[in-house]
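Below is one structure, written out as structure tokens; the observations come after it.
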Amino acid sequence: MLVYSSVDALTGELDKKRPASIGFVPTMGALHKGHLGLVDQAKKENDIVVVSIFVNPAQFNNKNDLLRYPRDLENDLQLLNSRSCDIVFVPTEEEIYPPGYQEPDLDLGMLESVMEGKFRPGHFKGVVMVVKRLFEIVRPDKAYFGKKDFQQVAVVRRLNEAFELVPEIIACPTAREASGLAMSSRNELLTPEQRQDASILFRTLTSLKEKVKPGEDPALLSMWAIQNIEQNSSLKPEYVEIVKESSLEPVSRFNGTPVVACVAAWAGNVRLIDNLTIFP
Ligand code: AMP
């Protein structure tokens, strides 16, 4: 496994390997089985797998969240080596945002004003900045993202449509702990009690799915879900939104188009998100 921190060294190596197909998995490190699932899928579908590890300051709307974000490069490299990852890119901030770096001109429309866009102002601007730059550096054939960050996948697809950077964006299923809690680097910041409590999110989403019937009012289901989290855990829900899978627009009824329920909640000072397709 090769590890690079310089853009020139990485692109030099990748140019030698082309036309081998390149699968790319961008991450912020503190890797867990969710990330490794993406690596495994990339490995199956490409000749070479490149994983980037870069905690992108531009996408943190909360400075404390950035400071506390878990980092463990040594362990990450060991895990990636065990998955036969070919190349790890661990750039510095200067390599990603060199002087004169131009922020992409991209209107995310509604994606920026609902759910994560609404509660984390500027977050997706930062995601767009880093993903565009990483795509331009790595120039992969396929790029892999987790459905756990459902809205992020939509943002990346929008970016990719606008700038035609990568032939295929692939969304991979959410890896979960035995309790149902979606794996996340931030789970490391939870106390054992909070971690146990946090399984309420997936339990609420699965119960919500069982409640869906044609004619059911999505707004009432969202209210039920918020109450269920508040009454049965120490978590503080920020939103539960029931939206069209294709456009992320709120749905007013269940009528054939796939629908996803998305949740964000605070466990102490750790913010967690999850989602589940609830219809059909
Ligand atoms: P992050 O390091 O949190 O930026 O995540 C890097 C990639 O891994 C993103 O595409 C995430 O959506 C994905 N990812 C994070 N957690 C999970 C999970 N539990 N299951 C599947 N993919 C995940």
Side-chain angles (χ1 to χ4, degrees), residues 23-45 49-62 65-66 68-73 75-77 79-80 83 85 88-91 96 111 115-116 120 123-135 138 140 142-160 165-166 168-190 195 198-199 201-202 205 248 260 262-264 267 270-277:
F24 178 44
V25 183
T27 81
M28 297 203 298
L31 301 181
H32 50 67
K33 284 187 188 147
H35 297 113
L36 299 179
L38 272 58
V39 175
D40 290 346
Q41 190 164 339
K43 190 81 197 163
K44 273 192 215 132
E45 298 177 356
V49 175
V50 179
V51 174
S52 65
I53 299 177
F54 177 63
V55 182
N56 173 33
Q59 74 186 68
F60 284 79
N61 55 311
N62 177 328
D65 189 25
L66 172 61
R68 285 184 311 146
Y69 198 82
R71 293 164 172 88
D72 190 350
L73 184 59
N75 189 51
D76 289 348
L77 295 178
L79 287 171
L80 290 173
R83 295 317 243 234
C85 168
V88 190
F89 180 44
V90 192
I96 293 295
L111 289 177
M115 302 195 291
E116 294 304 282
R120 300 187 67 190
H123 167 64
F124 286 128
K125 272 205 165 38
V127 169
V128 162
M129 276 168 73
V130 76
V131 172
K132 179 164 184 281
R133 175 85 173 119
L134 288 169
F135 279 180
V138 178
K142 296 188 171 94
Y144 296 80
F145 291 84
K147 284 188 191 169
K148 147 134 195 299
D149 298 284
F150 168 68
Q151 195 169 357
Q152 174 170 275
V153 175
V155 166
V156 170
R157 288 196 195 283
R158 178 76 56 87
L159 164 73
N160 198 45
L165 300 162
V166 175
E168 239 182 296
I169 303 289
I170 299 185
C172 305
T174 301
R176 300 183 178 281
E177 298 187 357
S179 69
L181 174 64
M183 289 189 178
S184 164
S185 305
R186 288 187 179 86
N187 292 354
E188 286 180 28
L189 303 172
L190 300 172
R195 199 161 179 145
S199 67
L201 298 181
F202 185 61
L205 292 173
L248 279 74
V260 178
C262 302
V263 59
V270 181
R271 190 172 180 279
L272 301 173
I273 59 170
D274 200 354
N275 67 83
L276 186 71
T277 300

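As the structure lists them, so they are numbered: ligands from 1, and atoms in each ligand from 1. Because only heavy atoms are used, hydrogens play no part in the values below, and waters and symmetry mates are left out as well, while side chains stay in.
Using a 4.0 Å cut-off between a side-chain N of Lys or Arg and a carboxylate O of Asp or Glu, Arg195 and Glu177 qualify as a salt bridge. At a threshold of 4.0 Å, the pair Arg68-Glu188 does not count as salt-bridged, since none of the basic side-chain nitrogens sits closer than that to a carboxylate oxygen. A salt bridge does not link Asp76 to Arg71: none of the charged side-chain nitrogens sits closer than 4.0 Å to a carboxylate oxygen.
With a 6.0 Å cutoff to the six-membered ring centre and a 45° limit on the axis angle, Arg186 does not count as a cation-pi contact of Tyr69.
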Item to check | Trace of the side chain to side chain contact (heavy atoms under 4.5 Å, CB included) decision for Leu38 with Thr27 | outcome: CA-CA 10 Å; Leu38 272 58; Thr27 81; over 6 Å; no
Checklist entry - Given Leu111 and Arg158, is the side chain to side chain contact (heavy atoms under 4.5 Å, CB included) satisfied, shown in steps? => result CA-CA 9 Å; Leu111 289 177; Arg158 178 76 56 87; 3.7 Å; yes
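Residues with a heavy atom under 4.0 Å from ligand 1: Pro26, Thr27, Met28, His32, Gly34, His35, Leu38, Tyr69, Phe145, Gly146, Lys148, Asp149, Gln152, Pro173, Thr174, Ala175, Met183.
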